[in-house]
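Shown next, in structure tokens, is the structure this report addresses.
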Amino acid sequence: MASCPRFQSRFVLFGDRKSYTGHGPCLYLRPSTNLRKISGVIVIKSGIVRCDGDIRVSSISGSGDIEVGGDIICDEITFTGKLRCNSDIVCSGNLSVNGSLGTRHISGQTVRLNGVLKGHDVNSRALEVHPLRSTMFSRFDMDGYEDGSMVRHITAVTVEANHLQCRTLTADSAMLRNGSAVESATCATAIGIDRTSSVLLVNGDCRRIHLKTA
């Protein structure tokens with residue numbers, strides 16, 4: 001994995017029996033010291049967490065940068081910044097990220113992303129994808145935040161997506177805006193598309209809705 005940037009950051013880890021606090025460039029966890037035995041929470045305060053193995057905790061929150069080589073298994077995630085997971089994110093509750101999220105597979109109750117989502121497949125009750133817009137991205141060379149989201153396969157009850165590229169989408173209802181493009185969609189109830197978005201193939205007898213562009 002990439003080395004930690006050389007700047008000061010703060011992190012706080014809370015577990016059942018231990019509490020870890022520290023100041024330094026980052027917190028780096030090798031497989032032998034990962035969080036499988038800590039069923040508490042991770043709170044990151046403008047810090048960096050690197051883990052070669054799996055992370056298994058009740059919740060992850062805060063802001064900063066997280067990079068995980070294995071799985072993330074938790075009850076809830078509320079995070080601002082960059083979250084990268086090379087394997088799967090399994091969340092029994094809700095997952096909310098403001099920033100960028102990259103992983104292979106995501107499962108959760110409500111998956112809400114304000115920013116950029118990159119993944120192979122998403123399985124959730126509700127999926128919401130909204131882009132971040134700010135002039136500071138180009139001003140401070142913050143690459144990636146203006147890119148669109150891309151997920152190969154989506155399975156959800158409801159989908160509300162903006163600037164999303166997807167190969168297959170299966171949902172009860174889906175609302176697609178702001179340049180979203182889906183190759184194949186199967187919706188039981190309704191599918192909404194604005195004039196900037198497209199779906200090549202719509203399966204099922206769902207109601208078609210023409211949405212106004214935001």
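From C187, atom SG reaches atom CZ of R207 across 11.5 Å, with rounding to the nearest 0.5 Å. L127 CG to L113 CG: the interatomic distance, rounded to the nearest 0.5 Å, is 8.0 Å. Between E67 atom CD and R84 atom CZ the span is 4.5 Å, to the nearest 0.5 Å. The distance from the OG atom of S197 to the CG atom of N178 is 6.5 Å, given to the nearest 0.5 Å. Annotation: the span from H153 atom NE2 to L169 atom CG amounts to 11.5 Å, rounded to 0.5 Å. The distance from the CZ atom of R152 to the CZ atom of R167 is 5.0 Å, given to the nearest 0.5 Å.
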(request) Determine, stepwise, if the pair C91 / C74 fulfils side chain to side chain contact (heavy atoms under 4.5 Å, CB included). (result) CA-CA 5 Å; C91 196; C74 62; 3.9 Å; yes

(message) Apply side chain to side chain contact (heavy atoms under 4.5 Å, CB included) to residues I60 and I66 and explain how you reach the verdict.
(response) CA-CA 10 Å; I60 299 173; I66 301 176; 3.7 Å; yes

(message) Checking N114 against H130 for the side chain to side chain donor-acceptor pair (under 3.5 Å) test, could you report, in this order, the C-alpha distance in whole Å, the side-chain angles of both residues, the deciding distance, and whether it holds?
(response) CA-CA 5 Å; N114 292 311; H130 304 281; 4.9 Å; no

(message) Walk me through whether L164 and I154 qualify under side chain to side chain contact (heavy atoms under 4.5 Å, CB included).
(response) CA-CA 11 Å; L164 171 70; I154 295 173; 3.7 Å; yes

(request) Please assess N123 against V111 for the test side chain to side chain contact (heavy atoms under 4.5 Å, CB included), listing each intermediate value before the final yes or no. (result) CA-CA 9 Å; N123 192 319; V111 176; over 6 Å; no

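Looking only at atom types and distance, the side chain of S92 has a donor-acceptor partner in the side chain of D75 under 3.5 Å away. T189 and D172 share a donor-acceptor pair across their side chains, judged by distance under 3.5 Å alone.
Partners of T186 according to the side chain to side chain contact (heavy atoms under 4.5 Å, CB included) rule, which considers only residues two or more places apart in sequence or in another chain, are T170, N203.
Closest approach of S124 and A126 over heavy atoms only: OG-O, 3.2 Å. When every heavy atom of G179 is checked against every heavy atom of T196, the shortest pair comes out as N-OG1, 2.8 Å. The two residues G70 and C85 make their nearest non-hydrogen contact at O-SG, 3.1 Å. Between L117 and S149 the shortest heavy-atom distance is N-OG, 2.9 Å. Residue A185 comes nearest to I191 through the heavy atom pair CB-CD1, 3.8 Å, listed as atom of the first residue, atom of the second, then distance.
Under the 4.5 Å side-chain criterion, counting only non-hydrogen atoms from C-beta, I55 is not in contact with I73. Contact annotation: the side chain of I106 never approaches that of D88 to less than 4.5 Å [non-hydrogen atoms, C-beta and beyond].
If you run side-chain contact (heavy atoms from CB on, under 4.5 Å) between S107 and each of V90, V122, T155, I89, only V90 comes through. Of the residues listed (I44, L101, N98, L95), the one engaging F79 in a side-chain contact (heavy atoms from CB on, under 4.5 Å) is I44, and it is the only one.
Cluster membership for V159 and V202, using ILVMFWY side-chain heavy atoms within less than 4.5 angstrom, is shared.
No donor-acceptor pair closer than 3.5 Å links the side chain of S58 to the backbone N or O of E76. Looking at D54, its side chain does come within 3.5 Å of a backbone N or O of D71 through a donor-acceptor pair. At distances below 3.5 Å, at least one donor-acceptor pair connects side-chain atoms of N94 with backbone N or O atoms of T110. When atom types are taken as modelled, the side chain of S180 and the backbone of H163 share a donor-acceptor pair closer than 3.5 angstrom.
Between R177 and D194 there is no salt bridge, since none of the side-chain N atoms of the basic residue sits less than 4.0 Å from a carboxylate O of the acidic one.
Annotation: salt bridge (Lys or Arg N to Asp or Glu O under 4.0 Å) contacts involving residues 109-125, sequence neighbours excluded, comprise R112-E128.
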